[in-house]
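Here's the structure we're looking at; comments come further down.
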Amino acid sequence: METENSDEAKYTWSALEYEEKERSSDWFWALGIIIVTSSIASLIFGNYFFAALLLISGVLLAFFAIRKPEIINYELNEAGLKIGNRLYPYENIKSFWVQIYHEILGKKMPNGQKEMELHPLLFIHTERAFMPIMTIPIHEDSAEDIRALIKSQNIPEVEMKEHPSEKIMEALGF
């Protein structure tokens, strides 16, 4: 992740599209077995469309598991948040949250507290109907600068967390 601060009203950084995970051949075998057996079960019950849908989704899932993440450029400027070539004006942003730490799945410390790791994220709640909350990786050193810049635009700061489905997908190796 790269951070650059060129002036007060503009802040740019770049990060990977998603966190790349190493998947063993066992992961792909398990995916294949689940998809094939589910498709066979669908065929036995006469649901041909669902069987085809399972096969197509399995192939796409394997394809995206192999694919390397792209580097995405982010920019906070006087107009709004720019992700790649798409601009999200400040007027369309309902709220935001800068998270610096996140809990490690299933790990507890000897004193019973949950273990935390540094995983800075920026949550943006927009007016979009589909997936209104965006999760954007940020660098630890830039968290306060980003927070101050967005807050200066009179956008409410509301605590947000990763959706439980994201944690489940992470645990499954996605």
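Predicted model, so just to flag it, every value in this text is computed and none were measured. Residues take their numbers from the sequence shown, with the count starting at 1. Keep in mind that the numbers below use all heavy atoms, side chains included, and drop hydrogens, waters and symmetry copies.
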(request) Say whether I34 and L55 are linked into one hydrophobic cluster, either directly or through other cluster members, by side-chain heavy-atom distances under 4.5 angstrom. (result) no

(message) A side-chain contact here means heavy atoms from C-beta on lying under 4.5 Å apart; do Y48 and L43 qualify?
(response) yes

(request) Give, for atom CD1 of I138 and atom CG of L76, the distance between the pair rounded to the nearest 0.5 Å. (result) 9.5 Å

(request) State plainly whether one hydrophobic cluster holds both L31 and I66, where clusters connect Ile, Leu, Val, Met, Phe, Trp and Tyr through side-chain heavy atoms under 4.5 angstrom apart. (result) yes

(request) Output the distance between atom NE2 (H139) and atom OG (S14), rounded to the nearest 0.5 Å. (result) 10.5 Å

(message) I need the minimum non-hydrogen distance between Q99 and M160, along with the two atoms involved.
(response) OE1-O, 4.2 Å

(request) Working to the nearest 0.5 Å, report the span between CD1 of I155 and CD1 of I124. (result) 7.0 Å

(message) Test your reading of the model: is there a side-chain donor-acceptor pair from T126 to the backbone of I93, 3.5 Å cut-off?
(response) no

(request) Check whether any side-chain N or O of S38 sits under 3.5 Å from a backbone N or O of I35 as a donor-acceptor pair, and report yes or no. (result) no

(message) For P137, is there any backbone N or O sitting under 3.5 Å from a side-chain donor or acceptor partner on W13?
(response) yes

(message) Taking I83 as the starting point, is it possible to reach V98 by hopping between hydrophobic residues whose side chains are less than 4.5 Å apart?
(response) yes

(message) Please tell me whether M134 and F96 are part of a single hydrophobic cluster in this structure, the criterion being side-chain heavy atoms less than 4.5 Å apart.
(response) yes

(request) Give, for atom NZ of K10 and atom CD of E78, the distance between the pair rounded to the nearest 0.5 Å. (result) 8.0 Å

(request) Can you establish whether the number of heavy atoms outside F123 located under 6.0 Å from its atom CZ is more than 12? (result) yes

(request) Please round to the nearest 0.5 Å and tell me the distance separating atom CG of L87 and atom CG of N92. (result) 9.0 Å

(message) Counting neighbours of CZ on F28 that are heavy atoms of other residues, nucleotides or ligands and sit closer than 6.0 Å, is the number greater than 12?
(response) yes

(request) Walk me through it: do Y11 and E75 pass the test side-chain contact (heavy atoms from CB on, under 4.5 Å)? (result) CA-CA 6 Å; Y11 202 90; E75 179 180 309; over 6 Å; no

(request) Verify the neighbour count for atom CD1 of I71: are there more than 12 heavy atoms of other residues, nucleotides or ligands below 6.0 Å? (result) no

(request) Apply the test side-chain contact (heavy atoms from CB on, under 4.5 Å) to residues H125 and V158: give CA-CA distance (whole Å), side-chain angles for both, the deciding distance (0.1 Å), then the verdict. (result) CA-CA 9 Å; H125 186 199; V158 177; over 6 Å; no

(message) Working to the nearest 0.5 angstrom, can you tell me the gap between R86 CZ and L81 CG?
(response) 11.0 Å

(message) To check you understand the geometry: which heavy-atom pair defines the closest contact between G84 and I72, and what is its length?
(response) N-CG2, 4.3 Å

